[in-house]
Structures are given as C-alpha cells and as structure tokens.
Undergrad: 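Submitted below is the structure of interest, expressed as structure tokens.
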Number of protein chains: 4
Amino acid sequence: MSKAGDEMTPRTNEQNNAIRRQRIYQIKNIAAKVFLEKGINMEIGDIAKKANLGRGTIYHYYNNKITLLEDLLSEALEEAKKNTIEIINTNELPLVKLEQYARRQLKLWVEQPFVFILFKNYLLQSEFIPAKNNDEILKDFQTYLYIPIVKTIEEGIHSGQLVSVDSDTAVKLFFGALVGTVHSYIKQNDSLYLTVDTQWIDDIITILFKGLKA
Amino acid sequence: MSKAGDEMTPRTNEQNNAIRRQRIYQIKNIAAKVFLEKGINMEIGDIAKKANLGRGTIYHYYNNKITLLEDLLSEALEEAKKNTIEIINTNELPLVKLEQYARRQLKLWVEQPFVFILFKNYLLQSEFIPAKNNDEILKDFQTYLYIPIVKTIEEGIHSGQLVSVDSDTAVKLFFGALVGTVHSYIKQNDSLYLTVDTQWIDDIITILFKGLKA
Amino acid sequence: MSKAGDEMTPRTNEQNNAIRRQRIYQIKNIAAKVFLEKGINMEIGDIAKKANLGRGTIYHYYNNKITLLEDLLSEALEEAKKNTIEIINTNELPLVKLEQYARRQLKLWVEQPFVFILFKNYLLQSEFIPAKNNDEILKDFQTYLYIPIVKTIEEGIHSGQLVSVDSDTAVKLFFGALVGTVHSYIKQNDSLYLTVDTQWIDDIITILFKGLKA
Amino acid sequence: MSKAGDEMTPRTNEQNNAIRRQRIYQIKNIAAKVFLEKGINMEIGDIAKKANLGRGTIYHYYNNKITLLEDLLSEALEEAKKNTIEIINTNELPLVKLEQYARRQLKLWVEQPFVFILFKNYLLQSEFIPAKNNDEILKDFQTYLYIPIVKTIEEGIHSGQLVSVDSDTAVKLFFGALVGTVHSYIKQNDSLYLTVDTQWIDDIITILFKGLKA
DNA sequence: CATGAATGAGGATTCATTCAT
DNA sequence: GATGAATGAATCCTCATTCAT
C-alpha cells in the first residue's frame with residue numbers, strides 16, 4: 001500500500017548478503033538446540049519462535065525441514081572431519097592419537113552441539129533422518145569419521161597397546177562411552193559454551209583409557 | 001445351532017481372559033520393537049500391521065498410544081527393579097555389586113529391549129515421552145534404579161575401590177558407557193534372543209571396570 | 001468345548017419367546033433413558049453396560065442403533081396416539097379437551113419418558129434422527145399427534161374460547177411450554193415413576209390455560 | 001518485486017489483526033448455525049465447508065472443537081448477562097421487569113441464535129457439552145442469568161403480583177415456555193435477522209404473563 | 001527480505017457393527 | 001440366546017508447507 005520509500009536506495013547486495021549469512025547462522029544454531037531436545041520431531045514453529053522470526057522466514061532460507069537438517073549435518077561433518085584428520089593423520093602412536101582424539105571430540109561436542117547430533121544420530125541411530133542425501137552423509141560419516149577410528153583402534157590392538165578384544169567391541173565401547181556419557185553434559189548450559197568446566201572430560205578420558213590400555 | 005448344551009456363555013470368561021492376555025502380550029512385544037525403531041513416532045498402524053491386526057484392535061486393548069507406552073515402561077520398570085534390588089541388596093563389596101549389576105543389566109537389555117528403552121529414555125532423555133504418569137515413572141526410575149547405583153558408586157569411591165573422581169562423573173560414565181555401547185547390539189537379531197553371543201558383554205564389562213577400579 | 005448338556009431339553013419355544021420379550025422390554029427401557037441423556041450420541045455400549053449385557057446381545061435383538069430408535073419412537077407414537085385420540089375425539093368443548101389433553105400428556109411423559117422423547121425430537125427437532133422411516137414417523141406424528149391439536153386450538157380460537165392470536169403462535173406456545181417445562185422434571189427420579197408428586201402438573205396447566213383462555 | 005519501499009513487514013500487524021478478527025467472527029457465526037443444526041455433532045468440516053475455508057484454517061484459530069464452543073458460549077454469556085443486568089437491576093416492579101426481560105430475551109435469541117444455544121443447553125441440558133470450563137460457564141449461568149430471574153419471580157410471588165405457586169414451578173414454566181416456544185422460530189430465516197416479524201413475540205409474552213399474573 | 005494466514009496430507013481415535021464361539 | 005474380540009469407516013487434529021502481501 002504505502003508508496004513511501006523516500007529512501008529509494010533499497011539495500012546493497014552486500015548488505016543483503018550480510019543479513020543472509022547472519023540469519024542462516026542464527027537459524028542453524030537454534031535448530032541444533034531444538035533438534036537436540038526434540039529430535040526429528042523438531043518443529044519449524046519451535047525454531048521460528050525461539051529465533052523470534054516468522055515461520056515463513058525459516059522457509060525463506062531453507063526449502064524444508066530436511067534441507068535444514070542436511071545443512072546442519074553437513075556442516076557438522078565438515079567440522080568433525082577437520083578434527084579427525086588433524087589428529088589421526090599424525091605420526092603419534094595409536095593410543096596417543098585416540099586419546100587426543102577423544103579429548104578433542106568431547107570438547108567439540110560440548111562447544112558445538114550440532115556436531116554431537118551427527119554422532120548421536122549415526123552411532124545411536126536413534127531415529128532415521130529422512131534426508132535426501134542421508135545415505136551420502138552416512139557414507140561420508142563412515143569414510144571420514146568412523147573408519148579412521150576403527151583403523152586406529154585395530155592398529156592399537158594389533159600393536160599390543162590396547163586390550164586384546166574383538167576390535168568391533170572395542171570400537172563400540174569407545175564411541176558408545178563417549179556419546180553416552182557426553183549426552184548428560186549437553187543441553188544444560190544454554191549458550192555459555194565458553195566457560196565450560198572441563199574437569200569431567202579429563203576424568204572420562206582417564207578412566208576410559210585406563211580400561212582400554214593393554 | 002451350538003452343540004454346547006445350555007451353556008449360555010459363548011466363550012467362558014477364562015477363554016476370554018486367555019485371549020486378552022495373549023493379545024496384550026503380543027501387542028506389547030511388537031510395540032517395543034516398533035518403538036525401538038521409530039521412537040515416539042511409532043504409529044499404531046505400524047503395530048497393527050506387524051501384528052496382523054486391525055488398528056481398532058490395538059485400541060480395544062489400549063486407550064491410546066500413550067497408555068500403551070506407559071504400560072511398556074511400567075513393566076520395564078518392574079523388571080529392572082527386580083534386577084537392581086536383587087543385586088544391590090547383597091553384602092558384596094561395591095565393586096563386585098556394580099560388576100554383577102552391569103553384566104546382568106546388559107543381558108536384560110538385550111533380552112528385553114523395552115527395558116533398554118526405559119534406560120535410554122530416562123538417562124539420555126532421548127525424547128520426551130508424553131506419558132501422563134511420566135513424572136511418576138521418572139521418580140520411580142530415580143528412586144529404584146538410579147539412586148541405588150549412585151549410592152553404590154559413591155561407596156566404591158569412598159572406600160577406595162573405585163577411581164577417585166567426582167561421583168557424578170563416574171555415574172554418568174558408568175551408565176553412559178552401558179547405554180551407549182549396548183545400543184549397537186540391539187535391533188539386530190529380530191527375535192533370536194536365545195542364541196545371543198555374550199562374549200562382547202564380558203569384554204565390555206572387563207574394559208569398563210578396569211577403567212573404573214582404583 | 002464343553003459337550004456337557006445332560007439337560008438335553010434345550011428350551012421350549014415359549015421359554016425363548018418369554019426371554020425375548022423380556023429382553024426387548026429391558027433394552028428399550030434402558031435405551032430410552034440413555035437417549036434422554038445423550039440423544040443421538042447414545043452408544044450401544046452405554047445401553048449394554050446399564051443392562052448388564054454384552055454389546056453383542058443388543059445386536060441380537062436389534063439390527064442396529066437406528067432400528068432400536070425406530071422401535072422406540074414407533075411405540076411412543078402408538079402410546080401417544082392412544083392418548084390423543086381418546087381425548088380429542090370426545091364431544092367436550094375445545095378448551096376442556098386441550099386441558100385434559102395437556103394434563104394427560106404431562107403425566108404420560110413423566111411416567112414413560114420414551115414418549116417424551118418423541119415429542120421433544122419432533123417438536124424441538126434437537127437433532128435429526130437418521131431413521132430409515134424417519135419421514136414416516138414424522139408424518140404419523142403430524143397426522144395423529146400434531147394436527148389434531150392444531151385443529152382443536154383453531155376451533156378454540158374461532159369459537160372465542162381461546163385468546164385471539166395467530167393459531168400457529170398458540171400452537172407453538174402450547175407445545176413449547178409443555179415440552180420445555182417438562183424437561184426439567186424428567187431424568188431425575190431414576191425409576192420411581194410411580195410415586196410422582198403431581199402438584200406441579202396442576203400448577204403448570206392452571207397457569208398455561210389462564211394465559212390461553214380468551 | 002514489491003513497490004513498498006523498505007517496509008520489511010509484509011502485512012502490518014494491524015492488517016493481520018483485522019484479518020483475524022474478521023475470520024474469527026465469520027467462524028463463530030457459522031459455527032453457531034451449524035451447532036444449532038447438529039448440536040454437539042457439529043463437524044469442523046461442516047464449518048469449514050460453509051465458510052469456504054480449509055479444515056486447517058479453523059484449527060488455525062481454534063485449538064479444537066471444544067475451544068470453539070467455549071468461545072461461543074462465553075460470548076453468549078456476556079451478551080445475555082448484559083441484557084439481564086440491564087433490566088433486572090432497575091427499580092420497576094417484578095412483573096414489569098420480568099415482562100421486559102422476556103421480551104428482550106426472545107428478541108436477543110432470535111437475533112443471536114448462539115445466545116439461545118446457551119439457554120437451551122443449560123436449561124434443558126439437551127446435550128452435555130464437554131467444555132473444559134463447562135462447570136465455570138454453568139456456574140456463571142446460574143449466578144448471572146438464572147438466579148436473578150429466580151429471585152425476581154420469588155419477589156413477584158411474595159408481593160402478590162404473580163400467581164401463588166411453588167416458585168420453582170413458576171421458574172421452570174417461565175424459562176421452559178420461552179425456550180420451548182422460541183425453538184420453532186429459530187433456524188428458519190437463515191440470515192435475514194433484520195426483517196424479523198415480531199408479532200409472535202408480543203403474543204407469546206401476552207399469553208404467558210396473563211397466565212402468570214396473580 | 002519477512003511474514004502469518006491458509007491449507008491438506010497423514011496419523012490418532014471413536015464407535016457401530018460383525019462374527020466365531 | 002449370548003458374548004466380547006475384532007474391525008474399519010469416519011472424524012478429530014497436527015504440522016510441514018505454500019503464498020499473497
């Protein structure tokens with residue numbers, strides 16, 4: 001109705017891009033939290049409300065719920081990949097690598113819960129995420145995040161550094177303990193990821209590796 | 001028509017009760033499986049189809065989805081309570097009790113997955129189950145299943161048998177590792193609970209307790 | 001299962017008929033009460049429970065809910081018809097006939113609530129009863145119960161005995177007042193129709209006819 | 001695309017509110033009509049179809065059927081309360097008050113049928129409306145709509161203006177006649193509330209009060 | 001870019017009715 | 001004759017998604 005618009009300068013491309021980036025960041029972060037609470041039953045309306053946006057606005061940035069989740073998982077994959085590669089591709093002994101990896105992983109999960117979502121969902125397969133590229137993500141998860149650890153654990157076992165058990169069992173315990181334990185530590189501090197007390201991380205690692213060592 | 005003489009009753013009460021018992025048993029079992037797969041998104045239709053029954057039949061026995069879940073959880077609670085009491089109320093040393101408990105728990109979970117559901121949901125708070133008596137179950141869970149273990153772990157720490165860490169951390173690791181690890185072992189064997197290979201259980205327990213011991 | 005039946009004499013036809021009659025009477029009476037409470041939303045289960053019968057038993061006597069209602073309404077129609085004819089077909093003056101009719105009607109309704117149902121539903125048309133012969137009953141209602149009163153009221157007006165108003169209005173008030181008022185008096189005494197205090201009936205009639213008289 | 005300048009808001013709040021107000025008004029009105037026809041068996045689909053809206057739209061404004069009914073009844077209560085207070089709280093003689101009240105009430109019922117619904121349902125208890133605040137409405141109905149009339153009628157009787165009968169009987173007749181009679185006059189004119197012929201109202205009042213006067 | 005009104009597919013639930021015993 | 005287990009059509013209701021503004 002209003003023909004107003006004396007400020008005919010509509011908005012520069014750059015300004016728009018900035019808004020866009022900021023909105024996507026915001027949405028993704030909130031979505032991660034909501035997903036953590038409600039899983040696949042996360043509602044677009046929940047996100048919109050928490051973000052103080054209209055439901056339509058979410059759809060302005062994401063075609064649908066699945067796309068949003070895919071984006072979330074993809075980014076988590078990248079983040080975790082970086083972390084994994086960095087540590088696993090060193091020349092340390094398997095045991096050292098695993099310990100460093102575990103410690104870093106726990107920190108990462110607590111600081112960026114959406115990365116935790118990735119692990120929780122593909123390890124605990126709590127629920128099937130009907131993402132179109134779900135298989136692709138799963139494959140990448142296997143390739144870049146899971147197999148490297150499996151390999152390292154196998155190395156550890158064969159080299160006699162780790163307990164001599166079926167490697168499959170060891171892997172399941174390794175990831176299971178991490179994911180299962182961390183869960184309780186997430187969701188509590190609503191955004192104060194910075195001031196996290198990390199004593200528990202050290203304790204978890206200590207105990208877990210005492211058990212795993214040969 | 002009927003040759004049954006003057007038996008006015010078409011089916012005896014006992015016959016009906018038998019049918020009921022059998023149906024409820026069947027429904028509960030199938031529901032547990034479906035829940036394990038789809039969580040709270042379990043559909044009545046899924047259960048009906050798997051049971052080869054009409055949707056209405058499920059409703060003949062349960063007022064609604066929630067009631068069915070409540071029944072599932074209540075029974076799981078009883079089952080787990082039995083297990084917990086039996087072991088925790090002995091005169092063994094804390095460490096021994098915990099180890100026995102863990103071993104029995106794992107077996108129970110694999111054999112009766114819906115007991116696992118109970119733990120998974122109240123420990124990991126995976127998904128909010130909108131049970132009317134949710135609070136009651138949660139309270140019972142705390143009282144009869146959680147606290148006793150917490151106490152035992154505390155005893156273990158104070159008596160110097162277990163590693164000297166914050167007891168809260170130890171508890172979280174203890175349960176987290178069990179729940180996180182077992183997850184992978186459930187859902188696979190679709191009904192062959194009998195021929196379960198239990199080597200992995202021993203391995204898990206061994207490693208976990210090696211880590212936890214002082 | 002039981003081949004028992006030493007009493008090979010199954011049951012005489014007469015015995016069966018007696019049972020049949022008794023059951024139908026019982027069902028109809030209870031159905032009337034339930035209908036009075038819940039209208040067309042009356043559930044077969046309600047009737048069965050109140051009658052201490054199985055749901056199936058109701059269907060043994062009535063093909064479906066509608067048939068049961070039809071039977072109820074038909075019988076009510078007969079009952080009311082008798083009442084109406086008896087009084088209207090006398091040689092009394094219109095006013096006298098109407099007063100006698102009203103008084104008898106009120107008594108009848110209180111004593112046999114299912115007759116009241118008929119009037120309530122076709123006068124207040126509270127809800128459409130999907131009876132197959134609904135139209136037929138409606139027609140009979142008009143012919144045998146409604147029109148005679150309309151005629152009598154018209155006579156009364158034309159003869160100067162009744163107030164000089166549009167006869168349609170007078171009819172509506174006549175029936176409306178009876179049905180509307182009686183409603184409160186039904187449903188209370190659950191079966192003690194015998195010991196009804198009838199003072200209120202006299203009062204209602206007195207007031208109503210004082211108003212209607214010229 | 002938009003010529004609206006930098007108006008970030010697609011529709012102003014005021015525009016949205018206007019839409020909401022209009023829709024709610026529309027839905028409520030149609031619901032009242034449908035309820036009048038089908039009672040508690042009113043279907044959301046009926047309303048939607050009559051309003052040329054999707055079923056979902058009704059749910060956009062009302063959480064469920066009950067809430068919609070509650071809103072209907074609450075508004076009716078307010079409307080009737082206004083009417084009652086206005087007339088009963090004057091200094092007129094009881095008889096005058098009652099007559100004015102009855103006349104106004106009849107007009108109100110015809111013009112706003114959902115006010116009639118309120119009276120019909122709480123006086124005749126035609127059908128149980130499972131409103132959550134059913135008790136509250138019932139209490140308000142008693143307090144603000146019923147008791148004042150009961151009191152006035154009692155005054156009238158004690159002061160010798162009204163016939164000397166049990167006041168309870170008088171009240172039942174008073175309301176019963178109004179509700180019972182008006183029923184026939186509603187539902188017919190589908191929206192032509194404006195050109196209502198009110199002769200019958202005068203006639204009803206005249207006759208009724210002739211009967212009630214001492 | 002932003003939004004909330006509108007929608008309908010899909011899953012939950014009710015209840016009349018059938019039918020084997 | 002008597003019954004309650006079984007069923008599915010019909011309705012309620014939720015929520016992802018579209019779209020006009």
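For clarity, every value in this text was computed on a predicted model and none was experimentally measured. Here is the naming used below: chain letters follow the sequence lines, and residue numbers restart at 1 for every chain.
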Undergrad: Using OP1 and OP2 only, check whether a side-chain N or O of B:Arg20 sits under 4.0 Å from F:dG4.
TA: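 The answer is no; no side-chain N or O of B:Arg20 sits under 4.0 Å from OP1 or OP2.
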Undergrad: Check whether any side-chain nitrogen or oxygen of D:Arg23 sits under 4.0 Å from OP1 or OP2 of E:dA5, and answer yes or no.
TA: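 Answer is no, no contact under 4.0 Å.
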Undergrad: Salt bridge check: are C:Glu14 and C:Arg20 linked by an N-O gap of less than 4.0 Å?
TA: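 No salt bridge links C:Glu14 with C:Arg20.
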Undergrad: What's the CD1-P distance between B:Ile47 and E:dA12, to the nearest Å?
TA: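 Interatomic distance, CD1 of B:Ile47 to P of E:dA12: 9 Å.
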Undergrad: Could you let me know what F:dA20 is paired to, Watson-Crick or G-U wobble, both distances under 3.5 Å, or none if it's on its own?
TA: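 Looking at the geometry, F:dA20 pairs with E:dT3.
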Undergrad: In the structure shown, which nucleotide is the Watson-Crick or G-U wobble counterpart of F:dC13, with both distances under 3.5 Å?
TA: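 Partner of F:dC13: E:dG10.
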Undergrad: Is any side-chain heavy atom of D:Leu118 closer than 4.5 Å to a side-chain heavy atom of D:Tyr122?
TA: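 Sidechains of D:Tyr122 and D:Leu118: in contact.
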Undergrad: Looking at B:Lys65 and B:Glu70, is there a salt bridge between them, counting it only when a charged N and a carboxylate O are closer than 4.0 Å?
TA: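 Looking at B:Lys65 together with B:Glu70, the answer is no, because their closest N to O distance does not fall below 4.0 Å.
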Undergrad: In terms of the nearest nucleotide of DNA chain F, which residue is placed more toward the 5' end: C:Asn52 or D:Arg55?
TA: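 Between the two, 5'-proximity favours C:Asn52.
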Undergrad: With nearest nucleotides of DNA chain E determined for A:Tyr61 and B:Gly45 from heavy-atom distances, which residue corresponds to the more 5′ nucleotide?
TA: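 Between the two, 5'-proximity favours A:Tyr61.
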Undergrad: Which nucleotide wins on minimum distance to the side chain of A:His60, given the candidates E:dA2, F:dC12, E:dA6?
TA: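 So the side chain of A:His60 is nearest to E:dA2.
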Undergrad: Heavy-atom distance under 4.5 Å between the side chains of C:Ile47 and C:Leu68, does that happen here?
TA: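 Yes, their side chains come closer than 4.5 Å.
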Undergrad: Considering only NZ, NE, NH1 and NH2 on the basic side and carboxylate oxygens on the acidic side, decide whether D:Glu43 and D:Lys49 come within less than 4.0 Å.
TA: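 No, this pair does not count.
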Undergrad: Can you work out whether B:Ile58 or D:Asn63 has the more 5'-proximal nearest nucleotide on DNA chain F?
TA: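 Checking each residue's closest nucleotide, the 5'-ward one belongs to B:Ile58.
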Undergrad: C:Ile27 CD1 to F:dG1 P: how many Å, rounded?
TA: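 Taking atom P of F:dG1 as the reference, CD1 of C:Ile27 is at 12 Å.
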Undergrad: Verify, without hydrogens or angle tests, whether C:Asp71 (side chain) and C:Thr67 (backbone) share a donor-acceptor contact under 3.5 angstrom.
TA: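 Judged by distance alone, no pair lies under 3.5 Å.
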Undergrad: Measuring from the side chain of D:Arg11 (C-beta onward, heavy atoms only), which nucleotide among F:dT14, E:dG4, E:dA16 has the closest atom?
TA: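 The closest nucleotide is E:dG4.
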Undergrad: With a non-hydrogen cut-off below 4.0 angstrom, is A:Gly54 in contact with a base, only sugar-phosphate, or nothing?
TA: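 Sugar-phosphate: the residue A:Gly54, judged by heavy atoms under 4.0 Å, touches backbone atoms but no base.
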Undergrad: Between E:dA9 atom P and B:Glu43 atom CD, what is the distance in whole Å?
TA: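 Distance check: B:Glu43 CD to E:dA9 P gives 17 Å.
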Undergrad: Write down the distance between CG (B:Asp46) and P (E:dT13), rounded to a whole number of angstrom.
TA: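 The answer, rounded to whole Å, is 14 Å.
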Undergrad: Taking CD1 from B:Ile40 and P from E:dA12, how many angstroms apart are they, rounded to a whole number?
TA: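 Nearest whole value for this atom pair: 10 Å.
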Undergrad: What nucleotide, of F:dT7, E:dA6, F:dT14, holds the atom closest to the side chain of D:Tyr59?
TA: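 Closest nucleotide to the D:Tyr59 side chain: F:dT14.
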Undergrad: What's the closest nucleotide to the side chain of A:Leu53 if the choices are E:dT3, E:dA16, F:dA6?
TA: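 For the A:Leu53 side chain, the nearest candidate turns out to be E:dT3.
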Undergrad: Atom CG of D:Asn64 to atom P of F:dT11: distance rounded to whole Å?
TA: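 Taking atom P of F:dT11 as the reference, CG of D:Asn64 is at 18 Å.
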Undergrad: Calculate the interatomic distance between D:Ile19 atom CD1 and F:dA20 atom P; express it in whole Å.
TA: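 So the CD1-P distance, D:Ile19 to F:dA20, works out to 13 Å.
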Undergrad: Taking CD1 from C:Ile44 and C1' from E:dT17, how many angstroms apart are they, rounded to a whole number?
TA: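 Taking CD1 of C:Ile44 and C1' of E:dT17, I get 9 Å after rounding.
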Undergrad: On DNA chain E, does the nearest nucleotide to A:Thr57 precede the nearest nucleotide to D:Thr57 from the 5' side, or the other way round? Give the residue.
TA: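 Result: A:Thr57.
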